[in-house]
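In what follows, a structure is listed as structure tokens, so that the remarks can point back to it.
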Amino acid sequence: MIFEKINLGQHLSVFSFPISDSESEVLMHFLQGAKEFFEMPDDEKLKYKVSGGALNFRGYFQYKSQNYDIHGKKKDLKEGFDFGKHSMDRGYNHFYGANICPPQMHNFNSIFHFFENKGEQFVQKLEEEFEAKENKISHLFDPSIVNLRVIHYPAREVVNDQQIHLVEHYDPGFATFLFSDETATEYFCGEQNKWILIPTNKNTVSVVFGSTAQRWSEGKIQAPLHKIEYLRKARTSLCFFYNPAFAAQVKSLTNKDNFNAGRFIYCESVEEPSRHDSIYDDILLNRIK
């Protein structure tokens, strides 16, 4: 696999890698099926909604399930469908099954297989890049915590501060794989002090690093600030979140940092500090339904 750095500065932030015509065809077929699903009436889509909404990483979630930003002003308005993968003996509610799979996306297993394979190759390449000998990370992805999220952004002609596609954020996990036939993701380049819109390509998958990778690499990797631009045309994209095992204890390259992957990704990086312990315990004891 050949990786190409997308230049946002001196640190590694966003990569892309080419895929074959046959791989692209499989992804495009799945993407088209997802578009057809999101065009269905709300009452049909709601048949695939699972209790708990987007927090459970499974099933359909509506626009209203999305949160405002920390200032309570800007929405990241989108609907989506999650195919989580249960890979823990106990704990976080990741799973997929025929009972929550619409016929338009029946081949999600092949999509999972594709991204998981690419994820394994990618992490191994990173270890080679940084000459990680003692504190490798690839073994911490067995079992991995992964989630395939299909996202649909509506078109919007009129925008203001209370509207959509404005939430600037960092991904908390290790890496996010992105595939779409519509360009819309903007990344912030600190060195140039501006947002950069990166074009999409049907034969390319983008890889966006998260804060977990930043901590493991001791800053050699930087999780980029990114957002979705204003859309005058609806956009559907595939996002595959590739993370270490929930209970994995991550040691950084030179032992300067040591942290629990699950606690950081699902608790500390996304919730109020006062709730860290209670959320972590709830996840471990499977109290989140």
Side-chain angles (χ1 to χ4, degrees), residues 1 16-63 65 78-88 92-123 141-154 173-185 200-208 233-243:
M1 189 191 305
S16 68
F17 61 85
I19 57 177
S20 67
D21 289 339
S22 59
E23 290 173 328
S24 177
E25 184 178 346
V26 171
L27 293 181
M28 289 297 293
H29 178 72
F30 184 79
L31 191 66
Q32 184 57 44
K35 291 180 179 180
E36 294 172 3
F37 171 80
F38 291 121
E39 290 173 356
M40 292 171 59
D42 287 346
D43 58 344
E44 289 295 317
K45 290 185 289 188
L46 287 173
K47 293 178 181 179
Y48 298 95
K49 183 179 179 181
V50 179
S51 176
L55 293 178
N56 265 356
F57 299 101
R58 53 180 179 148
Y60 172 70
F61 62 88
Q62 298 168 277
Y63 290 121
S65 67
K78 59 193 175 187
E79 62 180 335
F81 200 103
D82 280 317
F83 296 95
K85 179 181 179 182
H86 183 77
S87 54
M88 299 171 56
Y92 214 61
N93 214 346
H94 287 245
F95 82 98
Y96 53 76
N99 61 315
I100 62 164
C101 181
Q104 294 90 341
M105 295 182 279
H106 65 89
N107 59 326
F108 66 90
N109 271 310
S110 62
I111 307 301
F112 248 103
H113 182 68
F114 167 82
F115 280 117
E116 283 186 303
N117 283 343
K118 297 300 182 184
E120 291 175 5
Q121 296 174 40
F122 186 70
V123 171
F141 287 81
D142 184 19
S144 58
I145 295 295
V146 294
N147 177 44
L148 173 63
R149 169 167 285 186
V150 188
I151 300 177
H152 179 251
Y153 296 94
F174 193 87
T176 304
F177 294 75
L178 302 174
F179 180 84
S180 180
D181 57 353
E182 295 288 343
T183 297
T185 307
T200 59
N201 186 307
K202 70 174 184 178
N203 287 98
T204 298
V205 170
S206 297
V207 185
V208 183
K233 182 179 179 182
R235 181 201 191 214
T236 303
S237 59
L238 309 182
C239 299
F240 189 80
F241 303 98
Y242 190 64
N243 299 313

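FYI, the numbering just counts along the sequence from 1.
Annotation for Gln104 and Gly33: closest pair CB-O, 3.1 Å, computed over non-hydrogen atoms. Between Phe179 and Thr204, the shortest heavy-atom distance links the atoms CD1-O, 3.6 Å. Taking all atoms of both residues into account, the shortest heavy-atom contact from Gly80 to Tyr60 is O-CD1, 3.2 Å. Closest heavy-atom contact between Asn243 and Ala175: OD1-N, 4.3 Å. Counting all heavy atoms, side chain and backbone alike, Val26 lies closest to Ser110 at CG1-OG, 4.2 Å. In terms of heavy-atom proximity, Ser24 sits nearest to Asn203 at CB-ND2, 3.7 Å.
For the atom pair Leu148 CG and Phe108 CZ, the distance stands at 9.0 Å (nearest 0.5 Å). Between the CG atom of Asp181 and the CG atom of Leu31 there is a distance of 5.0 Å, given to the nearest 0.5 Å. With rounding to the nearest 0.5 angstrom, the CG atom of Asn107 is 8.0 Å from the SG atom of Cys101. Taking CE from Met40 and NZ from Lys45, the interatomic distance works out to 8.5 Å, rounded to the nearest 0.5 Å. Atoms CG and NZ, from Asp21 and Lys202 in turn, are 6.5 Å apart once rounded to the nearest 0.5 Å. Rounding to the nearest 0.5 angstrom, the gap separating the CG atom in Asp82 from the OH atom in Tyr48 is 16.0 Å.
Listed for the Glu23 side chain is a donor-acceptor partner under 3.5 Å among the backbone atoms of Ser20.
Residues His113 and Asn109 bring no donor and acceptor atom of their side chains to less than 3.5 Å of each other.
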Report the C-alpha separation of Glu79 and Phe37 in whole Å, then their side-chain angles, then the decisive distance to 0.1 Å, and conclude whether the side-chain contact (heavy atoms from CB on, under 4.5 Å) test is met.
CA-CA 11 Å; Glu79 62 180 335; Phe37 171 80; over 6 Å; no
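Partner of Gln32 under the side chain to side chain contact (heavy atoms under 4.5 Å, CB included) criterion, out of Met28, Glu36, His29: Glu36 alone. For the pairing with Phe112, the ring pair (Phe, Tyr, Trp, His ring centres under 6.0 Å) check across Phe240, Phe83, Tyr242 returns one residue only, Phe240.
Side-chain contact between Phe141 and Glu116 is absent, with no heavy atoms from C-beta onward closer than 4.5 Å. Taking the side chain as every heavy atom from C-beta outward, Val146 and Phe115 never approach each other to under 4.5 Å. When side chains are defined from C-beta on, Pro102 counts as touching Phe81, because their heavy atoms get closer than 4.5 Å. Thr236 is listed as a side-chain neighbour of Phe38, based on a closest heavy-atom distance under 4.5 Å.
The number of heavy-atom neighbours closer than 6.0 Å to CD of Glu44, taken from other residues, nucleotides and ligands shown, is above 12.
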